[in-house]
Structure formats: C-alpha cells, structure tokens
2 protein chains.
Amino acid sequence: MELNKAVAAFAALSQPTRIDIFRLLIKSGPEGMAAGSIAAVLDVKQNTLSANLSVLLHAGLVKNQRQGRSIRYYADMDGLRNILSFLMQDCCGGQSAICQPLIDEIANAC
Amino acid sequence: MELNKAVAAFAALSQPTRIDIFRLLIKSGPEGMAAGSIAAVLDVKQNTLSANLSVLLHAGLVKNQRQGRSIRYYADMDGLRNILSFLMQDCCGGQSAICQPLIDEIANAC
DNA sequence: TATTTAATTCCATATATCATGAAATATGGA
DNA sequence: TCCATATTTCATGATATATGGAATTAAATA
C-alpha cells in the first residue's frame, strides 16, 4: 500500500459523521445497511450522507451494492487491514512478524 | 474514548508527512527519535516538522520528553490502541470479545 | 408512461488545513 | 553573560473540505 492510499483512508475517518458511518457498518457486519437507513439512524441529510459515503468508498473503507431501489453499504475489512498493516510495518523493532498476524486476525474475525 | 478524540487522531494521520513521522517512530520503538533527527531523515523543515509533531502530540499518538537540548519523540501505542478499540467497538456482530484481545496484543507487542 | 422512492450530482458559501518565513523560547557551553 | 543549537510559536496566503438547496439519475410499480 502506498502512502497516498493511507492518507485517503485516514482522511476519510477524520470526520465525525464518517466515523459514525464506518462504526455503524462494522457493527452491522456482513448484512450491511442501505444508505437510507444509515441516514435515518444517524440523522444526516441524504446528500450529505451520500458525499460522506463516497469519501469512504474511494478510501477503500466501505463497499456497496445496489439492491433494488436501495444501495447497501458494507464495511470493507480488507481496507481496514491494509491501513493497519501499512501503519505497523516494521513495528516491534523490525520484527513485525509479531503484529502482522494479529492484524490479519482482526480483519478476518469480523 | 469519545468521537472527538478519534477524529483528532485520524485527522493527525491524514497527512503524508505525519504518517511518515508516526511510522518512523513506531519503527524506532521505545528509543524514539529527536525532533531534529526526524526532520533530517524525512527532509522536512524544522518549523513544519514541529507543527506536525504538535498535531500528533495533541492527538495522543506520540509522546515527547526533553533530553538536554533536544526533544525526543516516541510513538504512543496506548493512543493507537484507543482509536482501534473505538473503531472496532461492537464489531463481530456485537461479539467484540473476539477482536478486543487482538487489539490489546498489538499495542503491547510493540 | 407516469409516479413514487432512493440516492447522487451540481453549485455556492462557510470553514478548516497546509507549508513557510520570521520571530521567539529554551538549553548548554565558553 | 554571550553565543550557538534545538525547537516552537505566530501570521499569512493558498488550497482543500463540509454542508445544504435544487436538480438529476435509477429502479420499482401501477
């Protein structure tokens, strides 16, 4: 992963509504949530939510899929794994073998 | 941890130089690095580096300690653990007991 | 085809962030 | 005290981001 992608991912999470969205999607797991439901739960206007979902989408932190009229959004655990791995690369005094498996487990568990 | 702190932490990491700094400090482990050394390694102007270190400091991602003329900076693994925990709260379909220990291990291992 | 629901795009305004030069502060040594 | 080194603080112009209203696209259904 390059620096630019990591920047985009962290920038995506550097806004309260977007953190709320991402946490909500992590909580809702593989079922995900329709954009409209997210807007309702978080009490955010449709267009504002759409813009924020778009940021998370391009940052690789969420995925989406149209389902009839609605579009369902899901947390992208691979995206999360990527930024964590990037951040912790060469940690533990270069012995990143200690941390790396833990990061993988987190992404796989959810 | 409240939302505002998480926002500050992610905002701190949403800038290339600051990611570089944080990764450098993670890599350098408990020994940390003097501000001047960081500036030299990353080829960043002193005042620019100082401003960026300050952002990371207030975000709780790095710690510092004066040592003679220089000020040494260290990655704050507790800070990292906090934002990861916040993000993953209620993950795994509410069974966050699966992820939480992994997050703790990461922070402790380094 | 017309209507309703769902979500996005466009545009304008307000706000926040960035890197930098210049000046200030803190420490250690002569 | 005077000077050099290390780092921070301040002010600023340039750039980026957030938000909401209005218009638009897309899908389902009658």
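Lettering follows sequence order; numbering is per chain, from 1.
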[X] has a side chain; which of [options] sits nearest to it?
| X | options | value |
| --- | --- | --- |
| A:Thr17 | D:dT19, C:dA7, C:dA19 | D:dT19 |
| B:Arg66 | C:dA26, C:dT8, D:dG20 | C:dA26 |
| B:Gln15 | C:dC18, C:dT8, D:dT19 | C:dC18 |
| A:Gln46 | C:dA7, C:dT27, D:dT19 | C:dA7 |
| A:Ser70 | C:dA7, D:dA6, C:dT8 | C:dA7 |
| B:Asn52 | C:dA19, C:dA6, C:dG28 | C:dA19 |

(request) Write down the distance between CG (B:Asn47) and C1' (C:dG21), rounded to a whole number of angstrom. (result) 7 Å
(message) With nearest nucleotide decided by heavy atoms, which residue, B:Pro16 or A:Leu49, maps closer to the 5′ end of DNA chain C?
(response) A:Leu49
(request) Give a yes or no on whether B:Val62 and B:Ile71 share a hydrophobic cluster (residues Ile, Leu, Val, Met, Phe, Trp, Tyr; joining criterion: side-chain heavy atoms under 4.5 Å apart). (result) yes
(message) Using OP1 and OP2 only, check whether a side-chain N or O of A:Ser50 sits under 4.0 Å from C:dT8.
(response) yes
(message) Would you say A:Tyr73 places a side-chain N or O within less than 4.0 Å of OP1 or OP2 belonging to C:dA6?
(response) no
(request) Any strand is fair game: report the nucleotide pairing with D:dT29 by Watson-Crick or G-U wobble, both distances under 3.5 Å, or none. (result) C:dA2
(request) With heavy atoms under 4.0 Å as the rule, sort A:Ala39 into base, sugar-phosphate or nothing. (result) nothing
(request) Check every strand shown and say whether A:Arg72 touches a base, only sugar-phosphate, or nothing at a heavy-atom separation below 4.0 Å. (result) nothing
(message) Determine whether A:Arg81 and A:Asp104 satisfy the following criterion, side chain to side chain contact (heavy atoms under 4.5 Å, CB included), listing intermediate values before the conclusion.
(response) CA-CA 7 Å; A:Arg81 184 216 319 260; A:Asp104 289 338; 3.4 Å; yes
(message) Testing the basics here: between A:Leu61 and A:Gly79, what is the closest heavy-atom pair and its distance to 0.1 Å?
(response) CD2-C, 4.3 Å
(message) Between the base of C:dT4 and the side chain of A:Arg69, is there a donor and acceptor pair under 3.5 angstrom?
(response) yes
